[in-house]
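Below is one structure, written out as C-alpha coordinates; comments come after it.
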Protein chains: 2
Amino acid sequence: MLRLSKKTDYGLLALQYLATDAPAGGASARAIAERYGIPAELLAKVLQHLARLGFVAAQKGVHGGYHLARPARTISLAEIVEAIDGPLAITACGRHEEPCEQFGACTVRDPLARIKDRITSVLQTMTLAELTDEEQTIPIVVRGRGEADARLEAR
Amino acid sequence: MLRLSKKTDYGLLALQYLATDAPAGGASARAIAERYGIPAELLAKVLQHLARLGFVAAQKGVHGGYHLARPARTISLAEIVEAIDGPLAITACGRHEEPCEQFGACTVRDPLARIKDRITSVLQTMTLAELTDEEQTIPIVVRGRGEADARLEAR
DNA sequence: TAATATAGGACTAATCAGGTCGGAGTTGGG
DNA sequence: CCCAACTCCGACCTGATTAGTCCTATATTA
(Lines give C-alpha, C1' and ligand atoms only; values in the text may rest on other atoms or scores of the structure.)
Protein backbone atom coordinates (compact mmCIF):
# COMPACT_ATOMS: atom_id res chain seq x y z
CA MET A 1 0.00 0.00 0.00
CA LEU A 2 2.98 2.26 -0.37
CA ARG A 3 3.24 2.59 3.35
CA LEU A 4 5.92 3.76 5.70
CA SER A 5 6.63 1.42 8.59
CA LYS A 6 5.52 2.32 12.08
CA LYS A 7 9.13 2.59 13.12
CA THR A 8 9.47 5.41 10.65
CA ASP A 9 6.33 7.04 11.96
CA TYR A 10 7.71 6.90 15.46
CA GLY A 11 11.07 8.15 14.33
CA LEU A 12 9.52 11.12 12.57
CA LEU A 13 7.45 11.96 15.62
CA ALA A 14 10.45 11.79 17.90
CA LEU A 15 12.71 13.80 15.63
CA GLN A 16 10.06 16.42 15.10
CA TYR A 17 9.61 16.64 18.86
CA LEU A 18 13.32 16.98 19.43
CA ALA A 19 13.47 19.64 16.75
CA THR A 20 10.80 21.88 18.22
CA ASP A 21 9.06 21.03 21.47
CA ALA A 22 11.75 19.30 23.46
CA PRO A 23 13.35 21.00 26.48
CA ALA A 24 16.81 22.38 25.93
CA GLY A 25 18.70 19.41 27.39
CA GLY A 26 16.89 16.94 25.18
CA ALA A 27 14.40 14.27 26.13
CA SER A 28 14.57 10.60 27.06
CA ALA A 29 13.12 7.91 24.86
CA ARG A 30 10.71 7.03 27.64
CA ALA A 31 9.48 10.61 27.96
CA ILE A 32 8.87 10.94 24.22
CA ALA A 33 7.09 7.61 24.09
CA GLU A 34 4.76 8.61 26.91
CA ARG A 35 4.17 11.96 25.30
CA TYR A 36 2.79 10.29 22.17
CA GLY A 37 1.48 7.07 23.65
CA ILE A 38 3.72 4.72 21.72
CA PRO A 39 5.67 1.64 22.92
CA ALA A 40 8.69 2.94 24.81
CA GLU A 41 11.03 0.07 24.05
CA LEU A 42 10.32 0.20 20.36
CA LEU A 43 10.93 3.91 20.17
CA ALA A 44 14.11 3.37 22.15
CA LYS A 45 15.36 1.05 19.44
CA VAL A 46 14.55 3.52 16.72
CA LEU A 47 16.37 6.28 18.55
CA GLN A 48 19.37 4.05 19.15
CA HIS A 49 19.49 3.42 15.46
CA LEU A 50 19.22 7.11 14.64
CA ALA A 51 21.98 7.79 17.16
CA ARG A 52 24.30 5.31 15.48
CA LEU A 53 23.68 7.07 12.17
CA GLY A 54 24.42 10.50 13.60
CA PHE A 55 20.97 12.06 13.48
CA VAL A 56 20.73 12.40 17.23
CA ALA A 57 23.22 12.34 20.08
CA ALA A 58 22.65 10.24 23.18
CA GLN A 59 23.46 11.06 26.75
CA LYS A 60 23.46 8.16 29.16
CA GLY A 61 22.80 8.38 32.86
CA VAL A 62 20.23 9.86 35.15
CA HIS A 63 19.32 13.04 33.35
CA GLY A 64 20.32 11.75 29.98
CA GLY A 65 18.33 11.45 26.81
CA TYR A 66 18.54 12.36 23.15
CA HIS A 67 18.97 15.63 21.32
CA LEU A 68 19.35 16.47 17.66
CA ALA A 69 22.91 16.19 16.43
CA ARG A 70 22.26 18.14 13.22
CA PRO A 71 20.22 21.26 12.41
CA ALA A 72 16.65 20.30 11.61
CA ARG A 73 16.73 22.14 8.31
CA THR A 74 19.58 20.00 7.02
CA ILE A 75 17.72 16.74 7.54
CA SER A 76 15.44 15.71 4.69
CA LEU A 77 12.56 13.33 5.14
CA ALA A 78 14.15 11.07 2.56
CA GLU A 79 17.18 10.67 4.80
CA ILE A 80 15.06 9.73 7.78
CA VAL A 81 12.96 7.27 5.85
CA GLU A 82 16.01 5.63 4.34
CA ALA A 83 17.73 5.50 7.69
CA ILE A 84 14.89 3.59 9.32
CA ASP A 85 13.14 1.74 6.52
CA GLY A 86 16.16 1.15 4.35
CA PRO A 87 16.75 2.38 0.82
CA LEU A 88 13.44 3.45 -0.61
CA ALA A 89 12.33 1.53 -3.63
CA ILE A 90 8.97 1.28 -5.31
CA THR A 91 9.46 -2.12 -6.85
CA ALA A 92 10.86 -5.38 -5.57
CA CYS A 93 13.66 -5.43 -8.10
CA GLY A 94 16.29 -3.02 -6.89
CA ARG A 95 17.80 -0.86 -9.58
CA HIS A 96 21.01 -2.66 -10.42
CA GLU A 97 21.52 -5.73 -8.23
CA GLU A 98 19.24 -8.68 -8.62
CA PRO A 99 18.64 -8.52 -12.39
CA CYS A 100 15.04 -9.48 -11.64
CA GLU A 101 15.56 -13.10 -12.70
CA GLN A 102 13.41 -13.62 -15.80
CA PHE A 103 12.44 -9.97 -15.95
CA GLY A 104 14.57 -9.22 -18.94
CA ALA A 105 11.18 -8.84 -20.55
CA CYS A 106 10.11 -6.26 -17.98
CA THR A 107 8.62 -3.35 -19.85
CA VAL A 108 7.66 -1.17 -16.93
CA ARG A 109 11.00 -1.01 -15.15
CA ASP A 110 12.19 2.29 -16.54
CA PRO A 111 8.93 4.19 -16.21
CA LEU A 112 8.58 2.98 -12.65
CA ALA A 113 12.12 4.05 -11.91
CA ARG A 114 11.15 7.52 -13.01
CA ILE A 115 8.14 7.45 -10.75
CA LYS A 116 10.37 6.41 -7.90
CA ASP A 117 12.73 9.29 -8.59
CA ARG A 118 9.89 11.76 -8.45
CA ILE A 119 8.60 10.41 -5.17
CA THR A 120 12.10 10.44 -3.79
CA SER A 121 12.51 14.05 -4.73
CA VAL A 122 9.28 14.90 -2.93
CA LEU A 123 10.77 13.45 0.22
CA GLN A 124 14.16 15.00 -0.40
CA THR A 125 12.70 18.44 -0.74
CA MET A 126 11.01 18.54 2.63
CA THR A 127 13.14 18.96 5.71
CA LEU A 128 12.52 18.10 9.31
CA ALA A 129 12.25 21.81 10.05
CA GLU A 130 9.50 22.26 7.49
CA LEU A 131 7.56 19.38 8.94
CA THR A 132 6.24 21.69 11.63
CA ASP A 133 5.63 24.79 9.60
CA GLU A 134 2.05 25.74 9.18
CA GLU A 135 2.44 27.76 6.03
CA GLN A 136 3.15 25.17 3.41
CA THR A 137 3.06 27.05 0.17
CA ILE A 138 5.06 24.63 -1.90
CA PRO A 139 3.13 23.95 -5.07
CA ILE A 140 3.75 20.87 -7.11
CA VAL A 141 3.81 21.40 -10.82
CA VAL A 142 3.74 18.33 -12.95
CA ARG A 143 3.15 18.46 -16.64
CA GLY A 144 1.74 15.38 -18.21
CA ARG A 145 -0.14 14.38 -21.30
CA GLY A 146 -3.38 12.57 -21.79
CA GLU A 147 -6.80 12.79 -20.28
CA ALA A 148 -5.75 12.10 -16.74
CA ASP A 149 -4.67 15.72 -16.50
CA ALA A 150 -8.15 16.99 -16.99
CA ARG A 151 -9.36 14.79 -14.18
CA LEU A 152 -6.62 16.08 -11.95
CA GLU A 153 -7.36 19.72 -12.58
CA ALA A 154 -11.04 19.20 -12.00
CA ARG A 155 -10.57 18.35 -8.35
CA MET B 1 10.26 0.84 2.48
CA LEU B 2 7.50 2.59 0.61
CA ARG B 3 7.06 -0.38 -1.67
CA LEU B 4 4.41 -1.45 -4.08
CA SER B 5 3.34 -5.05 -3.72
CA LYS B 6 4.29 -7.61 -6.33
CA LYS B 7 0.63 -7.95 -7.17
CA THR B 8 0.70 -4.35 -8.28
CA ASP B 9 3.86 -4.94 -10.26
CA TYR B 10 2.24 -7.85 -12.01
CA GLY B 11 -0.94 -5.89 -12.57
CA LEU B 12 0.96 -3.04 -14.16
CA LEU B 13 2.86 -5.40 -16.40
CA ALA B 14 -0.31 -7.13 -17.52
CA LEU B 15 -2.23 -3.93 -18.12
CA GLN B 16 0.64 -2.41 -20.01
CA TYR B 17 0.82 -5.53 -22.13
CA LEU B 18 -2.90 -5.48 -22.82
CA ALA B 19 -2.65 -1.82 -23.70
CA THR B 20 0.08 -2.19 -26.28
CA ASP B 21 1.50 -5.56 -27.24
CA ALA B 22 -1.46 -7.86 -26.84
CA PRO B 23 -3.16 -9.40 -29.89
CA ALA B 24 -6.47 -7.86 -30.87
CA GLY B 25 -8.67 -10.43 -29.17
CA GLY B 26 -6.93 -10.02 -25.85
CA ALA B 27 -4.73 -12.45 -23.98
CA SER B 28 -5.25 -15.09 -21.33
CA ALA B 29 -3.80 -14.75 -17.86
CA ARG B 30 -1.69 -17.80 -18.51
CA ALA B 31 -0.26 -16.37 -21.72
CA ILE B 32 0.69 -13.11 -20.06
CA ALA B 33 2.22 -14.89 -17.10
CA GLU B 34 4.39 -17.03 -19.37
CA ARG B 35 5.36 -13.98 -21.38
CA TYR B 36 6.85 -12.33 -18.30
CA GLY B 37 7.81 -15.38 -16.26
CA ILE B 38 5.55 -14.72 -13.32
CA PRO B 39 3.29 -17.11 -11.36
CA ALA B 40 0.26 -17.70 -13.56
CA GLU B 41 -2.24 -18.29 -10.80
CA LEU B 42 -1.21 -15.19 -8.95
CA LEU B 43 -1.51 -13.01 -12.01
CA ALA B 44 -4.87 -14.63 -12.67
CA LYS B 45 -6.07 -13.47 -9.31
CA VAL B 46 -4.89 -9.94 -9.95
CA LEU B 47 -6.64 -9.87 -13.30
CA GLN B 48 -9.82 -11.22 -11.77
CA HIS B 49 -9.75 -8.39 -9.32
CA LEU B 50 -9.14 -5.85 -12.06
CA ALA B 51 -12.04 -7.36 -14.00
CA ARG B 52 -14.40 -6.94 -11.06
CA LEU B 53 -13.41 -3.30 -10.85
CA GLY B 54 -13.97 -2.69 -14.53
CA PHE B 55 -10.43 -2.15 -15.73
CA VAL B 56 -10.45 -5.21 -17.93
CA ALA B 57 -13.15 -7.45 -19.36
CA ALA B 58 -12.94 -11.22 -19.08
CA GLN B 59 -13.96 -13.76 -21.65
CA LYS B 60 -14.33 -17.35 -20.48
CA GLY B 61 -13.93 -20.43 -22.55
CA VAL B 62 -11.44 -21.88 -24.95
CA HIS B 63 -10.30 -18.78 -26.73
CA GLY B 64 -11.08 -16.48 -23.85
CA GLY B 65 -8.87 -14.09 -21.97
CA TYR B 66 -8.75 -10.48 -20.90
CA HIS B 67 -8.79 -7.23 -22.76
CA LEU B 68 -8.80 -3.63 -21.61
CA ALA B 69 -12.28 -2.34 -20.83
CA ARG B 70 -11.23 1.32 -20.80
CA PRO B 71 -8.91 3.38 -22.99
CA ALA B 72 -5.38 3.22 -21.65
CA ARG B 73 -5.04 6.95 -21.52
CA THR B 74 -7.94 7.28 -19.10
CA ILE B 75 -6.40 4.96 -16.53
CA SER B 76 -4.00 6.60 -14.10
CA LEU B 77 -1.35 4.70 -12.20
CA ALA B 78 -2.95 5.89 -8.98
CA GLU B 79 -6.14 4.09 -9.92
CA ILE B 80 -4.32 0.87 -10.62
CA VAL B 81 -2.31 1.00 -7.44
CA GLU B 82 -5.36 1.75 -5.36
CA ALA B 83 -7.32 -1.00 -7.07
CA ILE B 84 -4.76 -3.65 -6.21
CA ASP B 85 -2.99 -2.44 -3.10
CA GLY B 86 -5.93 -0.65 -1.56
CA PRO B 87 -6.24 3.04 -0.81
CA LEU B 88 -2.78 4.45 -0.83
CA ALA B 89 -1.72 5.83 2.49
CA ILE B 90 1.69 6.73 3.79
CA THR B 91 0.93 6.27 7.46
CA ALA B 92 -0.88 3.60 9.38
CA CYS B 93 -3.58 5.98 10.59
CA GLY B 94 -5.96 6.45 7.71
CA ARG B 95 -7.11 9.99 7.20
CA HIS B 96 -10.46 10.04 8.96
CA GLU B 97 -11.40 6.63 10.30
CA GLU B 98 -9.44 5.20 13.19
CA PRO B 99 -8.71 8.40 15.11
CA CYS B 100 -5.27 6.92 15.74
CA GLU B 101 -6.12 5.98 19.33
CA GLN B 102 -3.89 8.08 21.58
CA PHE B 103 -2.56 10.08 18.64
CA GLY B 104 -4.52 13.18 19.41
CA ALA B 105 -1.05 14.43 20.21
CA CYS B 106 0.20 13.53 16.76
CA THR B 107 2.06 16.51 15.38
CA VAL B 108 3.14 15.09 12.06
CA ARG B 109 -0.21 13.97 10.75
CA ASP B 110 -1.00 17.01 8.64
CA PRO B 111 2.44 17.43 7.09
CA LEU B 112 2.52 13.75 6.22
CA ALA B 113 -0.92 14.01 4.69
CA ARG B 114 0.47 16.72 2.43
CA ILE B 115 3.36 14.47 1.47
CA LYS B 116 0.88 11.75 0.67
CA ASP B 117 -1.10 14.10 -1.53
CA ARG B 118 1.98 15.01 -3.50
CA ILE B 119 2.94 11.39 -4.04
CA THR B 120 -0.62 10.63 -5.03
CA SER B 121 -0.58 13.39 -7.60
CA VAL B 122 2.61 11.98 -9.09
CA LEU B 123 0.78 8.72 -9.64
CA GLN B 124 -2.39 10.41 -10.80
CA THR B 125 -0.59 12.31 -13.47
CA MET B 126 0.81 9.32 -15.26
CA THR B 127 -1.52 7.17 -17.32
CA LEU B 128 -1.24 3.61 -18.46
CA ALA B 129 -0.72 4.87 -21.98
CA GLU B 130 2.24 6.98 -20.94
CA LEU B 131 3.82 4.04 -19.17
CA THR B 132 5.13 2.81 -22.50
CA ASP B 133 6.18 6.06 -24.05
CA GLU B 134 9.86 6.44 -24.51
CA GLU B 135 9.97 10.20 -24.54
CA GLN B 136 9.17 11.14 -21.02
CA THR B 137 9.73 14.84 -20.85
CA ILE B 138 7.68 15.57 -17.79
CA PRO B 139 9.75 17.71 -15.46
CA ILE B 140 8.95 17.92 -11.81
CA VAL B 141 9.08 21.38 -10.34
CA VAL B 142 9.00 21.61 -6.61
CA ARG B 143 9.84 24.75 -4.77
CA GLY B 144 10.92 24.34 -1.20
CA ARG B 145 12.74 26.24 1.44
CA GLY B 146 15.79 25.43 3.52
CA GLU B 147 19.13 23.93 2.85
CA ALA B 148 17.85 20.64 1.54
CA ASP B 149 17.17 22.39 -1.74
CA ALA B 150 20.80 23.12 -2.29
CA ARG B 151 21.63 19.50 -1.81
CA LEU B 152 18.95 18.52 -4.27
CA GLU B 153 20.10 20.91 -6.95
CA ALA B 154 23.67 19.78 -6.56
CA ARG B 155 22.90 16.33 -7.82
C1' DT C 1 25.49 2.65 45.87
C1' DA C 2 20.92 3.18 44.20
C1' DA C 3 18.30 5.06 40.53
C1' DT C 4 17.86 6.14 35.84
C1' DA C 5 19.27 6.33 31.30
C1' DT C 6 21.05 4.27 26.83
C1' DA C 7 22.95 -0.13 24.19
C1' DG C 8 21.92 -4.19 22.13
C1' DG C 9 20.80 -8.79 21.51
C1' DA C 10 17.27 -12.55 21.39
C1' DC C 11 12.68 -13.92 21.44
C1' DT C 12 7.57 -14.00 20.53
C1' DA C 13 3.26 -12.56 18.35
C1' DA C 14 0.61 -10.74 14.72
C1' DT C 15 -0.10 -9.23 10.27
C1' DC C 16 0.17 -9.48 5.35
C1' DA C 17 1.97 -10.56 0.89
C1' DG C 18 2.84 -14.44 -2.06
C1' DG C 19 1.57 -18.52 -3.67
C1' DT C 20 -1.60 -22.87 -4.16
C1' DC C 21 -5.72 -25.71 -4.66
C1' DG C 22 -10.15 -27.34 -6.18
C1' DG C 23 -14.42 -25.83 -8.46
C1' DA C 24 -17.57 -23.56 -11.91
C1' DG C 25 -18.52 -21.71 -16.41
C1' DT C 26 -17.73 -21.56 -21.59
C1' DT C 27 -16.37 -23.08 -25.93
C1' DG C 28 -15.41 -26.27 -29.72
C1' DG C 29 -14.70 -30.86 -31.72
C1' DG C 30 -16.50 -35.55 -32.40
C1' DC D 1 -25.74 -33.55 -28.42
C1' DC D 2 -22.14 -34.54 -25.30
C1' DC D 3 -17.56 -34.69 -23.75
C1' DA D 4 -13.13 -32.69 -23.13
C1' DA D 5 -10.16 -28.89 -23.03
C1' DC D 6 -9.50 -24.39 -21.59
C1' DT D 7 -10.52 -20.37 -18.97
C1' DC D 8 -11.99 -17.64 -15.19
C1' DC D 9 -13.26 -17.65 -10.27
C1' DG D 10 -12.94 -17.65 -5.22
C1' DA D 11 -11.50 -19.73 -0.95
C1' DC D 12 -7.46 -21.60 1.42
C1' DC D 13 -2.71 -22.15 3.12
C1' DT D 14 2.02 -20.79 4.16
C1' DG D 15 6.09 -18.27 4.86
C1' DA D 16 8.26 -13.82 5.44
C1' DT D 17 8.17 -9.35 7.29
C1' DT D 18 6.88 -6.29 10.83
C1' DA D 19 5.58 -4.88 15.49
C1' DG D 20 6.36 -5.45 19.98
C1' DT D 21 8.55 -7.61 24.40
C1' DC D 22 12.11 -9.11 27.51
C1' DC D 23 16.44 -9.44 29.54
C1' DT D 24 21.17 -8.09 30.50
C1' DA D 25 25.06 -4.94 30.24
C1' DT D 26 27.00 -0.30 30.66
C1' DA D 27 27.28 4.51 31.84
C1' DT D 28 26.08 8.60 34.62
C1' DT D 29 24.38 11.29 38.39
C1' DA D 30 22.56 12.25 43.06
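Reminder, nothing fancy here: chain letters follow the sequence lines and each chain counts from 1. Computed over heavy atoms, backbone and side chain alike; hydrogens, waters and symmetry mates excluded.
Protein atom NZ of A:K6 is 14 Å distant from nucleotide atom C1' of D:dT17, rounded to whole Å. Rounded to an integer number of Å, the gap from B:I32 CD1 to D:dC8 C1' is 13 Å. Taking atom CG of residue A:L47 and atom C1' of nucleotide D:dG20, one finds them 16 Å apart after rounding to whole Å. Straight-line distance from the CD atom of B:E34 to the C1' atom of D:dC6: 13 Å, rounded to whole Å. Taking atom CG on A:L42 and atom P on C:dT12, their separation rounds to 18 Å, with Å as the unit. Taking atom CG of residue B:L50 and atom C1' of nucleotide D:dC9, one finds them 14 Å apart after rounding to whole Å. Residue B:I38 contributes atom CD1, which lies 15 Å from atom C1' of C:dA17 at whole-angstrom precision. At whole-Å resolution of the value, OH in B:Y10 and P in C:dT20 are 10 Å apart.
Residue contacts shown for B:A44 are absent, as no nucleic acid heavy atom lies under 4.0 Å away. Within the 4.0 angstrom heavy-atom criterion, only backbone atoms of the sugar-phosphate kind lie near B:K60; the bases stay farther away. A:R3 comes within 4.0 angstrom of nothing in the nucleic acid, heavy atoms only.
Listed pair B:R30 / D:dC8 fails the phosphate criterion, with no side-chain N or O lying under 4.0 Å from OP1 or OP2.
Closest approach to the B:Q48 side chain among C:dG19, D:dT21, D:dC8 is made by D:dC8 (side chain taken as heavy atoms from C-beta onward). Of the candidates D:dA30, D:dA19, D:dC8, the closest approach to any side-chain atom of A:H63 belongs to D:dA30. Candidate nucleotides D:dC12, C:dA7, D:dG20 were compared by shortest atom distance to the side chain of A:Y66, and C:dA7 ranks first. You'll find that the side chain of B:A51 is closest to D:dC9, out of D:dC9, C:dT20, D:dT21. Taking every side-chain heavy atom of A:S28 into account, C:dA5 is the closest of C:dT4, C:dA5, C:dG28.
Using a 4.0 Å cut-off between charged side-chain N and carboxylate O, B:R30 and B:E34 make a salt bridge. The pair A:E79-A:R70 meets the salt-bridge criterion, with a side-chain N (NZ, NE, NH1 or NH2) lying under 4.0 Å from an Asp/Glu carboxylate O.
To the nearest 0.5 Å, the span separating CG on B:L43 from CG on B:L13 amounts to 8.5 Å. For the atom pair CZ of B:F55 and CG of B:L15, the computed distance is 8.0 Å after rounding to the nearest 0.5 Å.
If you check the side chains of B:S5 and B:D85, you find a donor sitting under 3.5 Å from an acceptor.
Not a single donor-acceptor contact under 3.5 angstrom links the side-chain atoms of A:K7 to the base of D:dG20. One can find a donor-acceptor pair under 3.5 Å joining the base of C:dC21 and the side-chain atoms of B:E41.
The residue among B:D85 and B:Q59 whose nearest nucleotide of DNA chain C is located toward the 5' end is B:D85. Nearest-nucleotide mapping onto DNA chain D: of B:K45 and B:A29, the residue sitting toward the 5' end is B:A29. Annotation: of the two residues near DNA chain D, B:A58 and A:S5, the 5′-most nearest-nucleotide partner is B:A58.
For the pair B:T8/A:L2, no side-chain contact is recorded, criterion being any heavy-atom separation below 4.5 Å from C-beta on.
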